Amino acid sequence: MGIIKASKVVFEYIRRDEEGNVDSIQTAVDHVDLDVKEGDFVVILGHNGSGKSTLAKQLNALLVPSEGTLWVDGKDTKERKNVRDVRRKAGMVFQNPDNQIIASVVEEDVGFGPENLGVPTEEIWKRVGESLTSVGMLKFRRHSPNKLSGGQKQRVAIAGVMAMEPKCIVLDEPTAMLDPKGRKEVLSAVHELNRKKGITVILITHYMEEAVDGDYIYVMDEGKVVMEGLPKEIFSKVEELKRHRLDVPQATLLAYELKKAGLPLSEGILTRQELAEELERCYVNYSK
Amino acid sequence: MSIILNNVSFTYGEGTAYEMQALKNVTLKIDDGEFIGIIGHTGSGKSTLIQHLNGLMKAVSGEIYFNGRDIYEEDFDLRELRTRVGLVFQYPEHQLFETTVFNDVCFGPMNQGFDKNEAGLRAFEALRMAGVPEKLYYQPPFDLSGGQKRRVAIAGVLAMKPEVLILDEPTAGLDPKGRDEILDLIAGMHKSKKMTVILVSHSMEDVAKYVQRIIVMDEGQVFLDGAPREVFKYYKELEKIGLCAPEVTYLMEDLKARGMAIDGDATTVEEAKQSILKLFQ
């Protein structure tokens with residue numbers, strides 16, 4: 001079994017009227033199966049309201065499935081006794097950094113998590129140093145978080161999760177509020193954690209460019225997983241993605257348009273490097 | 001009709017330990033009917049700048065003229081200015097508060113002093129312009145999806161019939177389709193209503209695709225000002241100030257470096273496609 005395994009997970013938001021009778025039921029997650037191997041970098045795509053965030057919140061037991069079962073590192077999230085373990089294994093980072101930072105000094109904010117877990121003081125400071133180093137924020141350890149840029153705050157939030165030594169981090173649109181530089185900083189910090197420390201990453205995003213370097217992609221729509229596969233496979237289906245209110249990276253879109261116009265390009269171009277190489281090849285052949 | 005900023009400076013917390021100069025001698029002219037994009041990294045002064053344009057913030061020094069009149073003159077009606085220059089804040093849906101979508105959109109014109117009838121008419125028109133489906137008019141705004149809430153919030157500003165519409169990152173947090181829909185809506189209003197539109201954005205791709213003129217802010221100053229093709233030529237300088245050019249601009253540079261005789265400085269997928277296809281003719 002992988003680090004995260006979902007079997008026919010359903011989640012329903014039940015709305016009740018004043019007398020407590022069921023007014024409406026909205027199925028936000030509809031029979032989802034997932035299997036994430038330890039150390040993978042998995043991306044979940046889907047439009048607003050497709051059920052991504054509801055699914056994400058189940059990965060650390062903020063919500064538990066209405067039906068089906070979700071295991072995090074082998075523990076069923078529905079069992080109350082597992083909740084603490086599950087949250088320790090799967091840390092979560094949200095969209096707005098200002099909503100997750102609580103202390104007035106960076107290092108205290110990062111230390112909050114392990115302190116809560118009852119980690120001895122010496123060990124806390126060791127972890128704070130290590131996790132700030134791992135996201136490139138060590139030199140800001142004595143700064144006030146509200147003086148940091150968005151990308152820096154988000155990296156502090158990630159360090160806060162890392163200090164709890166999770167096996168897996170779930171990031172729910174961590175770059176939605178950031179400028180281009182902030183986006184790059186956060187993304188490279190996350191990739192680094194994945195590569196160097198083998199942390200499993202579940203990244204939810206609306207930026208297709210951020211999905212390109214993932215190991216595996218799930219696409220959600222109306223609570224269901226409607227597409228899954230390697231980035232190359234997913235992004236070669238331009239029309240299908242558009243039907244799910246999504247897009248493809250600019251390089252992929254351009255390659256798709258050029259192919260439609262008759263250029264002999266291969267399928268599944270994801271980056272501008274690949275496209276430039278392909279175009280050079282075409283150009284050399286054409287010039288002959 | 002125009003907005004002119006002459007040597008505008010603004011300092012937060014003047015005279016305190018937290019003093020921070022957010023605008024430094026900004027001089028700009030915004031003409032009637034322009035579609036402008038403002039880009040800059042977080043903290044570059046974009047939001048401070050746009051809040052000066054409708055008099056929400058008052059410059060420490062310098063003048064601002066709206067249609068030739070100094071807005072800091074004593075008898076200048078700032079309230080009226082705020083209805084003529086409509087400002088849609090970041091995440092405007094957080095400001096929805098009424099019991100129904102329709103009432104929420106009526107709030108602006110009612111506040112302007114219009115009676116219920118006129119406010120209602122304006123609300124209908126604004127909701128239609130913003131593309132909110134009629135069946136949602138009497139729903140609580142909190143029940144709508146993210147994209148629809150944002151449309152309602154934009155309608156709330158449109159209902160005041162502004163001549164200038166300023167939007168602070170109107171697509172943040174939306175999915176790709178939602179992004180395109182909101183931007184198409186804004187571009188449509190610019191075209192059909194001849195509205196002046198100012199768009200603050202973190203997406204170079206969106207700015208390149210939609211606007212006619214880009215103003216780049218850095219450390220409270222105007223760093224560059226020009227058409228997208230002109231501005232993105234300076235991609236190396238843009239990178240130094242935390243920005244970048246659209247993906248396709250880098251692709252074109254890469255192709256040039258590989259010795260391909262490609263012309264132009266494409267900033268959109270369509271432009272890049274045309275230049276590349278020309279190579280193979």
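Throughout, a chain's letter reflects where its sequence line sits, starting with A, and its residues are numbered from 1. Owing to the predicted nature of the structure, the values given are computational and were not obtained by experimental measurement.
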Original post:
Which bit of A:Lys52 comes within less than 4.5 Å of chain B, counting heavy atoms only: side chain, backbone, both or neither?
Top reply: neither
**OP:** Enter the distance from A:Leu279:CG to B:Asp254:CG here, rounded to the nearest 0.5 Å.
**Re:** 9.5 Å
Subject >> Proximal component of B:Thr42, with respect to chain A [non-hydrogen, under 4.5 Å] >> reply: both
Subject >> Sidechain-backbone polar pair: A:Tyr283 side chain, B:Leu255 backbone, donor-acceptor under 3.5 Å >> reply: no
Original post:
With distance as the sole test, does B:Asp175 use its side chain to make a donor-acceptor pair with the main-chain N or O of A:Leu45 at under 3.5 Å?
Top reply: no
Subject >> Structural part of B:Glu239 lying under 4.5 Å from a heavy atom of chain A >> reply: neither
Original post:
Side chain, backbone, both or neither: which part of A:Glu280 has a non-hydrogen atom closer than 4.5 Å to chain B?
Top reply: both
**OP:** Keeping to residues at least two apart or across chains, list the salt bridge (Lys or Arg N to Asp or Glu O under 4.0 Å) pairs with something in residues 130-145 of chain B.
**Re:** A:Arg15-B:Asp143
**OP:** Side chain from CB out, backbone as N, CA, C, O: work out which of these in A:Leu263 comes under 4.5 Å of a heavy atom of chain B, or both, or neither.
**Re:** side chain
Original post:
With a 4.5 Å heavy-atom cut-off, do A:Lys181 and B:Leu243 have their side chains touching?
Top reply: no
Original post:
Which answer fits B:Met204, side chain, backbone, both or neither, if we ask what part of it has an atom under 4.5 Å from a heavy atom of chain A?
Top reply: side chain
Subject >> side chain to side chain contact (heavy atoms under 4.5 Å, CB included) partners of B:Glu247, counting only residues at least two apart >> reply: A:Gln250, A:Arg272, B:Glu205
Subject >> Gap between atom NE2 of A:His244 and atom NZ of B:Lys177 - 0.5 Å precision >> reply: 12.0 Å
**OP:** Heavy atoms only, distances under 4.5 angstrom: which of B:Thr268, B:Leu279, B:Thr171 has the most pairs with chain A? Name it, please.
**Re:** B:Leu279
